A.B. asks: 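Just dropping this structure here.
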Amino acid sequence: MYREAIRQLEAWKCAPDRKPLILRGARQVGKTWLMKEFGRLHYKKCAYVSMDENERMTEVFREAFDIGRIIEMLEIEVGFQIDPEHTLIIFDEVQEVSRALKSLKYFQETAPEYHIMAAGSLLGIALHEGTSFPVGKVDFCDLYPLTFREFLLALDEKKLLDALDENDLQTMQVFRTKYVDDLKYYYYVGGMPEAVQEFITSRDLKKVRNIQNKLLYAYENDLSKHAPKEIVTRIRMLWNSIPAQLAKENKKFIYGLVRTGARAREYEVAVTWLTDVGLAYKINRAKKPDFPLRACQDFSAFKLYVLDIGLLGAMSRLNARTILEGDRLFEEFKGALTEQYVLQQLIVYPENDIFYWSSENATSELDFLIQTEESIVPLEVKAEENLQAKSLKVFVQKYGIGNAVRVSMSGFREQDWLVNFPLYNIGNLNSYLKKRADGSWEENLPGPV
């Protein structure tokens, strides 16, 4: 499978100020595979070392951070000489040996010629537990489940992807049913690599669902093994409530749906735990569209999504037959699947800072408010063909922001103050916005509502 994150790794390798890189992401999103594949493609040798239950590495990093001595020990571990220029060093599950994580600081300061990557599924939790972190001494790259773009490549549909990249409207129209059919399968299969691989191999949705259920079971086990015992039950209850939260008309997270009478202070740690391990995405409300959006966020109001649309379907026990029944799939759970899908396609871009917006009286709400390198973009998700965008129009008129985006089952078209993106091409939104960064949309604001 091709992962677009490899472009970020290629840029890292060539950067003159390269630092050790930490690859972040949930368990089973393909971090280990990506690091090894990058090493295979771009280096002569790959020195892979897993820290998980590796007592030798605990001893190697126990003493002072003498980089020369550490390299010698690593050479014994992997069985070959490490050439700084042509060898990629990989520390996997690095959180299991905290001093290995701390050593990245000394590699950066005293031996920057070495190319080092590190990853760990529970790294975020380890840091909150007090593990010494090399602040300012490392680079980061986040890995998520496969996007729809990557899913098309995995299905060997490169020409369909090329048409999206080129905004070839004729091809997109002629093959619309093909895009929609592939998108339906993506809604069900999702982007977890093992599930995608099974679908490619067998096209058996029952086997795909078995894999998804196995992953969910593994995540539940992680809760029991690694989370503090006093909050395991709360984490599990909160995690299992996410599908119901997203099925509401107003998808703002309500603690009372987790347990009657629940309060924020009882579950804040549980939310942090799920987001730190990458199992959930937390999208805060922004009060208004001012730069930077982070300065305008309302910490008390947020929405929670799971890491993958396929897993959301499995948690909700979505029936596989649904994908064969017209476009019902896109409207399931009041559009919850479609909103989850759009978020997954946009969150992979590091330049996107994603929030949502609602008016103070909660009469209007926008699904997403995105700060890119170019602008702040209000975005409304329409799961069906009904293209009325009342909240979007209210927002644009209120704040005078003209670069509005509606995502729907309809085709691509520009309409005065907004652009409609088809669901199957939302992964190209950032590319489109860069081309429209001259601000011409601002001259075409809508009239009175």
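It should be emphasised that the depicted structure is a prediction, and the values quoted were computed from it without experimental measurement. The basis for the numbers below is simple: all heavy atoms, side chains too, and nothing from hydrogens, waters or symmetry mates.
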A.B. asks: Assess whether side chain to side chain contact (heavy atoms under 4.5 Å, CB included) is satisfied between W273 and D276, documenting all intermediate values.
C.D. replies: CA-CA 5 Å; W273 202 96; D276 278 349; 5.9 Å; no
A.B. asks: Within the 4.5 Å heavy-atom criterion, are M192 and L307 side-chain neighbours or not?
C.D. replies: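 They are in contact (side-chain heavy atoms under 4.5 Å apart), so the answer is yes.
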A.B. asks: Do the side chain of Q345 and the main chain of Y341 share a donor and acceptor less than 3.5 angstrom apart?
C.D. replies: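 Present.
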A.B. asks: For residues K248 and I254, determine if any side-chain heavy atom of one lies less than 4.5 Å from a side-chain heavy atom of the other.
C.D. replies: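 The answer is yes; the side chains approach within 4.5 Å.
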A.B. asks: When rounded to the nearest 0.5 angstrom, what is the spacing between CD1 in I354 and CD1 in I283?
C.D. replies: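 Rounded to the nearest 0.5 Å, the CD1-CD1 separation comes to 5.5 Å.
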A.B. asks: For Q344 and T147, indicate whether the former's side chain and the latter's backbone hold a donor-acceptor pair under 3.5 Å.
C.D. replies: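 Checked: no pair found.
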A.B. asks: With side-chain hydrogen bond (donor to acceptor under 3.5 Å, both in side chains) as the criterion, how do S241 and R259 come out once you've worked through the C-alpha distance, each side chain's angles and the decisive distance to 0.1 Å?
C.D. replies: CA-CA 9 Å; S241 81; R259 180 181 58 81; over 6 Å; no
A.B. asks: Roughly how far, to the nearest 0.5 Å, is CG of D353 from CG of L346?
C.D. replies: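 Rounded to the nearest 0.5 Å, the CG-CG separation comes out at 12.5 Å.
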A.B. asks: Under 6.0 Å from the CZ atom of F291, do we count more than 12 heavy atoms belonging to anything else shown?
C.D. replies: yes
A.B. asks: Salt-bridged, R3 to E37, with N to O below 4.0 Å?
C.D. replies: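 No, no charged N to carboxylate O under 4.0 Å.
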A.B. asks: Is K36 close to M117 at the side-chain level, that is, under 4.5 Å between some pair of heavy atoms?
C.D. replies: no
A.B. asks: Taking all atoms of both residues into account, what is the closest heavy-atom pair of N420 and S408, and its distance?
C.D. replies: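 Minimum heavy-atom contact is OD1-OG, 3.0 Å.
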A.B. asks: Would you indicate whether Q170, at its atom CD, is surrounded by more than 12 heavy atoms from other residues, nucleotides or ligands within a distance under 6.0 Å?
C.D. replies: no
A.B. asks: Locate the shortest heavy-atom distance separating M172 from A163; write the atom from each residue and the value.
C.D. replies: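 Closest heavy-atom pair between M172 and A163: SD-O, 3.9 Å.
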A.B. asks: Look only at the side chain of Q297 and the backbone of R294, and say whether a donor-acceptor pair between them is shorter than 3.5 Å.
C.D. replies: yes
A.B. asks: Compare every heavy atom of W357 with every heavy atom of K398, then report the nearest pair and how far apart it is.
C.D. replies: CD-CZ2, 4.5 Å
A.B. asks: Check this for me: F175, atom CZ, are more than 12 non-hydrogen atoms of other residues, nucleotides or ligands nearer than 6.0 Å?
C.D. replies: no
A.B. asks: Are any side-chain N or O atoms of N428 and backbone N or O atoms of L164, one a donor and one an acceptor, separated by less than 3.5 Å?
C.D. replies: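 Yes, the answer is positive, given that a donor and an acceptor are paired below the 3.5 Å cut-off.
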A.B. asks: Can you tell me if Q340 uses its side chain to pair, donor with acceptor, with the backbone of V306 under 3.5 Å?
C.D. replies: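 Yes, the answer is positive, given that a donor and an acceptor are paired below the 3.5 Å cut-off.
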A.B. asks: Between R285 and E360, does at least one N-O distance fall below 4.0 Å, as a salt bridge requires?
C.D. replies: yes
A.B. asks: I need the minimum non-hydrogen distance between I401 and P378, along with the two atoms involved.
C.D. replies: CG2-CD, 3.8 Å
A.B. asks: Please report the interatomic distance CG(L9) to NZ(K13), rounded to the nearest 0.5 Å.
C.D. replies: 11.5 Å
A.B. asks: Take L104 and I22 through the test side chain to side chain contact (heavy atoms under 4.5 Å, CB included) and record every step on the way to the result.
C.D. replies: CA-CA 10 Å; L104 300 182; I22 291 180; 4.1 Å; yes
A.B. asks: Check step by step if salt bridge (Lys or Arg N to Asp or Glu O under 4.0 Å) holds for E157 and K178.
C.D. replies: CA-CA 10 Å; E157 298 281 13; K178 176 62 176 168; 3.0 Å; yes
A.B. asks: Once you round to the nearest 0.5 Å, how far does CG of L143 lie from CD of Q8?
C.D. replies: 9.0 Å
A.B. asks: Kindly confirm or rule out a cation-pi arrangement of K251 over Y305, judged by NZ or CZ under 6.0 Å from the six-membered ring centre and within 45° of its axis?
C.D. replies: no
A.B. asks: Under the 3.5 angstrom rule, does the side chain of Y188 hit a backbone N or O of V208 as a donor-acceptor pair?
C.D. replies: no
A.B. asks: Do the side chain of K31 and the main chain of A26 share a donor and acceptor less than 3.5 angstrom apart?
C.D. replies: yes
A.B. asks: Between the main-chain N or O of Q28 and the side-chain N or O of E194, is there a donor-acceptor pair closer than 3.5 Å?
C.D. replies: no
A.B. asks: Of all heavy-atom pairs between K303 and D367, which one has the smallest distance, and what is that distance?
C.D. replies: NZ-O, 3.1 Å
A.B. asks: Determine whether V138 and Q108 make a side-chain contact, defined as any pair of heavy atoms from C-beta on separated by less than 4.5 Å.
C.D. replies: no
A.B. asks: Calculate, to the nearest 0.5 Å, the distance between atoms CG and NZ belonging to D162 and K159 respectively.
C.D. replies: 7.0 Å
A.B. asks: Sub-3.5 Å donor-acceptor pair from the side chain of T201 to the main-chain atoms of E198, do we have one?
C.D. replies: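 No: the side chain of T201 does not pair with the backbone of E198.
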A.B. asks: Has the side chain of R263 got a donor or acceptor atom that lies under 3.5 Å from a matching backbone atom of Y255?
C.D. replies: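 Between the backbone of Y255 and the side chain of R263 there is no qualifying donor-acceptor contact (under 3.5 Å).
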A.B. asks: Please confirm whether K282 makes a cation-pi placement over F253, using NZ or CZ under 6.0 Å from the six-membered ring centre and within 45° of the ring normal.
C.D. replies: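 Because its charged atom misses either the 6.0 Å distance or the 45° angle limit, K282 does not stack over F253.
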A.B. asks: A side-chain contact here means heavy atoms from C-beta on lying under 4.5 Å apart; do Q212 and R209 qualify?
C.D. replies: yes
A.B. asks: Is the count of non-hydrogen atoms from other residues, nucleotides or ligands lying under 6.0 Å from N221 atom CG greater than 12?
C.D. replies: yes
A.B. asks: Could you give me the CA-CA distance, side-chain angles and deciding distance for E266 and V258, then say whether side chain to side chain contact (heavy atoms under 4.5 Å, CB included) is met?
C.D. replies: CA-CA 11 Å; E266 299 176 286; V258 179; over 6 Å; no
A.B. asks: Say you draw a straight line from CG of N167 to CG of N425; how long is it, rounded to the nearest 0.5 Å?
C.D. replies: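 Rounded to the nearest 0.5 Å, the CG-CG separation comes out at 6.5 Å.
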A.B. asks: How far apart are the C-alpha atoms of N352 and I347, what are their side-chain angles, what is the distance that settles it, and do they pass the side chain to side chain contact (heavy atoms under 4.5 Å, CB included) test?
C.D. replies: CA-CA 7 Å; N352 287 346; I347 203 169; over 6 Å; no
A.B. asks: When you look at CD of Q173, are more than 12 heavy atoms from neighbouring residues, nucleotides or ligands closer to it than 6.0 Å?
C.D. replies: no
A.B. asks: For a quick check under 3.5 Å, do E93 and Q95 share a side-chain donor-acceptor pair by atom type?
C.D. replies: yes
A.B. asks: Parallel, tilted or perpendicular: which fits the ring planes of F199 and F151, with parallel below 30° and perpendicular above 60°?
C.D. replies: parallel
A.B. asks: Going by heavy atoms in the side chains, are F302 and L304 under 4.5 Å from each other?
C.D. replies: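 In short, these two side chains touch, coming nearer than 4.5 Å.
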A.B. asks: Does the side chain of L311 come within less than 4.5 Å of Y219's, by heavy atoms?
C.D. replies: yes
A.B. asks: Are side-chain heavy atoms of Y349 and L429 found at a separation under 4.5 Å?
C.D. replies: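 A side-chain contact under 4.5 Å is absent here.
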A.B. asks: Which atoms form the tightest heavy-atom contact between T272 and T275, and what is the distance?
C.D. replies: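 What the structure gives for the nearest pair is O-OG1, 3.0 Å.
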A.B. asks: State whether the number of non-hydrogen atoms from other residues, nucleotides or ligands found under 6.0 Å of K137 atom NZ is greater than 12.
C.D. replies: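 Enclosed.
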A.B. asks: Determine the sole option in F412, Y424, F148, Y185 for which the ring pair (Phe, Tyr, Trp, His ring centres under 6.0 Å) test with Y179 is passed.
C.D. replies: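 Passing option: Y424.
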